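Heads up, the thing below is written out as structure tokens.
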Amino acid sequence: MAALVIGNADYPAGDELENPVNDAVDVSTKLKSYDFEVILGTDCSNADMEKKLKEFSVLLKTHDVGMFFFAGHGMQIDGSNYLLAIDTDGSSEIDAKHSSLSLDKVVEVMAKSKASTKIIVLDACRNNPWKRAWHRDASMRGLASVYAPKGTIIGFATSPGELAADGIGRNGTYTEALLQHIDTKDCPVETMFKRVRNTVAAATKGKQTTWEHTSLAGEFYFNLGIDKLVDEYDETALADGLFGLDTSKPSHIIIKDLKSYNWYVQNPALLKLDEKSVKRMGVNDLFVLGRNIYQAACGSSGAADVFIENFVSRTAQFGAGKRKALLDGMLFEIFFDSTGNFRQKIKGEYFDEVFDLQKVPALKTSFDFIADTLVAVGANFIELPGRGHELNVTVSTKKGKKGYIVESVFIGGQDVFQPPESDWDDLDGIPSYSKTVIERLNGNLSRELVVPQRLLNVTYTPATVGEDDVIYIARGWSIKKS
């Protein structure tokens, strides 16, 4: 999925706007969270807008979904719509036409692309800054109606001839509503725009009516629920916060005990999980059971820890399908929470132990399952977990008085070391450091990169850094994922 997002606010004195740059930045961030590759432009000249549109046209050659978003001044001239750059020449209508970005051109670029779904969103009807100078009548205000080619939906902040509110907070009224509803799970884009319309109408007391043109053939969702992406297991297993316990079932009794957070209850529960009991268990119950075994291990249940370490021998007689469901559940728990949403930070206490099972050929299908699931939800990793690929990492340090200080972490020629947030700094604004050694730092890198240690090849520079040397790394560091 690809997007071009533009927000122009720094217009000439008297015509400047408050929100469009914030609108563009916030929409860009949101789209990136849904795995869009985004070209972002703020306070663009006409040349900048044309250049970014060309970049977008190239990007659309390799993506099946394209989205264009613009916030700023827009106007209609001779029945066509134009999006104003910060240097648009308003001397005359002719000058303005030839120094603005034509909406028709945007539509044409997207229509002729290979993208099957095209989304255009325009928070661009603030006003025409030159309407008095041009002696225009009220019928020419706002944007004109526009044709939506096949596979396209165009969303306008207002109906033809109306003006849009610039907003009283961080965002324009329309963009604020869009950001509010874009996260609605399993909501088709047309329905999302209807919700936006209701919110905008309420916020403006009916003065602003949003409007769409659509010729979409299929349905598009920004936020598709995990149950729509994974069909092997039921929704109540994938979002196991919805899972209802039936204590007449052996599997549910074990799950209930594992949820107790009491080791004296958890540990004996796993003794009930044997070949005989598993024969009566369905794959959804086993999937949830796998999730809770991993959860219990992370809570320091000794029996759950041992079960994971001896997974191959403990499950050897369970049958391939039921064994897979158990391991699928463990892997899923690492990456997804009880609502079925992707965790921003993995539950990594037993990440290495579970991923060591990838060495067993008979368990390959479980690692294919988690890799495919992570791809489906648009998870952003430097190396996709489950594929079994090695990753080469170079940690660059400088020699200090008491040890070596980490300066950067290079992968594929790029520095992915993320400096700490300011709240980790000491009172003088200087980052505070923690002491570590190579073995411990490699473990932290494994968890941050979400790559098993056995697949992580880490080298240190300078070459004089030894296994027992003290290494200092800024507290609160992380790894850039993109």
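Because the structure is a prediction, the values reported are computed rather than measured.
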>> Can you tell me how the ring of Phe56 sits relative to the ring of Phe68, calling it parallel under 30°, perpendicular over 60° and tilted otherwise?
In response: tilted
> Should Asp234 and Thr236 be marked as a side chain to side chain donor-acceptor pair (under 3.5 Å) after you check the CA-CA gap, both sets of side-chain angles, and the distance that decides it?
Replying inline: CA-CA 5 Å; Asp234 291 347; Thr236 55; 4.9 Å; no
> Does NZ or CZ of Lys480 fall inside the cone over Phe417's six-membered ring, less than 6.0 Å from its centre and within 45° of the axis?
Replying inline: no
> Can you name the nearest heavy-atom pair linking Arg387 to Ala371, along with the distance?
Replying inline: NH1-CB, 3.2 Å
> Okay, side chain of Ser116, backbone of Asp64: is any donor-acceptor separation there less than 3.5 Å?
Replying inline: yes
> Which heavy atom of Glu390 sits nearest a heavy atom of Asn457, and at what distance?
Replying inline: OE1-ND2, 3.2 Å
> Can Lys194 and Glu212 be said to form a salt bridge (Lys or Arg N to Asp or Glu O under 4.0 Å), step by step?
Replying inline: CA-CA 9 Å; Lys194 290 177 182 177; Glu212 298 85 44; over 6 Å; no
>> Evaluate Asp328 against Tyr233 for side chain to side chain donor-acceptor pair (under 3.5 Å), listing each step before the verdict.
In response: CA-CA 10 Å; Asp328 286 357; Tyr233 302 102; 2.6 Å; yes
>> The criterion is salt bridge (charged side-chain N to carboxylate O under 4.0 Å, His left out); which residues satisfy it with Lys112, sequence neighbours excluded?
In response: Glu108
> Testing Phe243, Phe336, Tyr294, Phe332 for ring-ring contact (aromatic ring centres under 6.0 Å, His included) with Phe287, which one passes?
Replying inline: Phe332
> Would you call Asp337-Lys347 a salt bridge at under 4.0 Å N-O?
Replying inline: no
> To the nearest 0.5 Å, how far apart are CD in Gln295 and CG in Leu258?
Replying inline: 9.5 Å
>> Regarding Lys399 and Asp469, does a basic nitrogen lie under 4.0 Å from an acidic carboxylate oxygen?
In response: no
> Between Ala296 and Gln266, what is the shortest heavy-atom contact and its length?
Replying inline: CB-NE2, 3.8 Å
> How about Thr199 and Gln180: do any of their side-chain heavy atoms sit closer than 4.5 Å?
Replying inline: yes
> Phe355 and ring-ring contact (aromatic ring centres under 6.0 Å, His included): which partner among Phe367, Tyr350, Phe311?
Replying inline: Phe367
> Is Glu50 paired with Lys105 through a side-chain N to carboxylate O contact shorter than 4.0 Å?
Replying inline: yes
>> Any carboxylate oxygen within less than 4.0 angstrom of a Lys/Arg side-chain nitrogen, looking at Asp257 and Lys272?
In response: yes
> When rounded to the nearest 0.5 angstrom, what distance separates CG in Leu331 from CG in Leu326?
Replying inline: 11.0 Å
> So Lys345 and Glu448, salt bridge (Lys or Arg N to Asp or Glu O under 4.0 Å) or not? Walk me through it.
Replying inline: CA-CA 8 Å; Lys345 192 170 184 66; Glu448 282 291 325; 3.0 Å; yes
> When you look at Phe36 and His63, which way does the ring pair (Phe, Tyr, Trp, His ring centres under 6.0 Å) test go after all the steps?
Replying inline: CA-CA 9 Å; Phe36 276 79; His63 294 79; 8.9 Å; no
> Ignoring hydrogens and geometry, is there a side-chain-to-backbone donor-acceptor pair from Lys398 to Val406 under 3.5 Å?
Replying inline: no
>> Apply side chain to side chain donor-acceptor pair (under 3.5 Å) to residues Ser277 and Asp274 and explain how you reach the verdict.
In response: CA-CA 5 Å; Ser277 65; Asp274 54 24; 3.1 Å; yes
> For Val25 and Thr42, which heavy atoms make the closest approach, and how far apart are they?
Replying inline: CG2-CG2, 4.4 Å
> Distance-only, no hydrogens or angles: does the Thr461 side chain make a donor-acceptor pair with backbone N or O of Ala463 under 3.5 Å?
Replying inline: no
>> Let's go through Ile182 and Asn223 carefully: what are the C-alpha distance in whole Å and the side-chain angles of both, what is the deciding distance for side chain to side chain contact (heavy atoms under 4.5 Å, CB included) to 0.1 Å, and is it a yes or a no?
In response: CA-CA 7 Å; Ile182 198 170; Asn223 185 8; over 6 Å; no
> From Leu455 CG over to Leu391 CG, what is the distance, rounded to the nearest 0.5 angstrom?
Replying inline: 9.0 Å
> Between Glu176 and Arg170, is there a side-chain N and carboxylate O pair less than 4.0 Å apart?
Replying inline: no
> Between the side chain of Gln358 and the main-chain N/O of Gly386, is any donor-acceptor distance below 3.5 Å?
Replying inline: yes
> Can you name the closest pair of heavy atoms from Trp263 and Pro268 and give their distance?
Replying inline: O-CD, 3.9 Å
>> Has Asp23 got a side-chain atom pairing as donor or acceptor with Ala71's backbone, closer than 3.5 angstrom?
In response: no
>> Using the rule given for side chain to side chain donor-acceptor pair (under 3.5 Å), can you reason through Arg195 versus Asn198, listing the C-alpha separation, both sets of side-chain angles and the distance that settles it, and then say yes or no?
In response: CA-CA 5 Å; Arg195 295 186 179 199; Asn198 285 337; over 6 Å; no
> Aromatic rings Phe381 and Phe342: how do their planes relate, parallel, tilted or perpendicular, breaks at 30° and 60°?
Replying inline: perpendicular
> Does Lys359 offer a backbone N or O that forms a donor-acceptor pair with the side chain of Lys364 under 3.5 Å?
Replying inline: no
>> Is it true that, when you exclude Glu55 itself, more than 12 heavy atoms of the residues, nucleotides or ligands shown sit nearer than 6.0 Å to its CD?
In response: yes
> Would you call Lys30 and Asp26 a salt bridge, taking side-chain N to carboxylate O under 4.0 Å as the test?
Replying inline: no
>> Taking His181's backbone N and O only, do any of them form a donor-acceptor pair with Thr184's side chain (distance below 3.5 Å, no angle check)?
In response: yes
> How long is the gap from CG on Leu40 to CZ on Phe69, to the nearest 0.5 Å?
Replying inline: 10.5 Å
>> I'd like to know if Arg343 and Glu333 make a salt bridge, using a cut-off of under 4.0 Å between side-chain N and carboxylate O.
In response: yes
> Run the side chain to side chain contact (heavy atoms under 4.5 Å, CB included) check on Lys249 and Asp285 step by step: do they pass?
Replying inline: CA-CA 10 Å; Lys249 297 181 177 181; Asp285 291 348; 4.2 Å; yes
> What distance separates Ile293 CD1 from Ile255 CD1, expressed to the nearest 0.5 Å?
Replying inline: 9.0 Å
> Which is it for Thr152 and Met110 under the side chain to side chain contact (heavy atoms under 4.5 Å, CB included) test, yes or no, and what are the steps along the way?
Replying inline: CA-CA 9 Å; Thr152 303; Met110 297 182 74; 5.9 Å; no
>> Could you check whether Glu232 pairs with Lys324 (Lys NZ or Arg NE/NH1/NH2 to Asp/Glu carboxylate O, under 4.0 Å)?
In response: yes
> Does the Thr373 side chain pair with the main chain of Phe369, one donor and one acceptor, at a distance under 3.5 Å?
Replying inline: yes
>> Can you tell me how far apart OG (Ser432) and OH (Tyr472) are? Round to the nearest 0.5 Å.
In response: 12.5 Å
> For Val306, does its backbone N or O pair with a side-chain atom of Asn310 as donor and acceptor, under 3.5 Å?
Replying inline: yes
>> Apply side chain to side chain contact (heavy atoms under 4.5 Å, CB included) to residues Leu122 and Ile154 and explain how you reach the verdict.
In response: CA-CA 8 Å; Leu122 303 168; Ile154 305 176; 4.3 Å; yes
>> Donor-acceptor pair, distance only, cut-off 3.5 Å: does the side chain of Thr315 make one with the backbone of Arg323?
In response: no
>> For Asp352 versus Gln453, what's the shortest heavy-atom pair and its separation?
In response: OD1-N, 3.0 Å
> Mind checking whether Val437 and Glu467 have side chains closer than 4.5 Å, heavy atoms only?
Replying inline: no
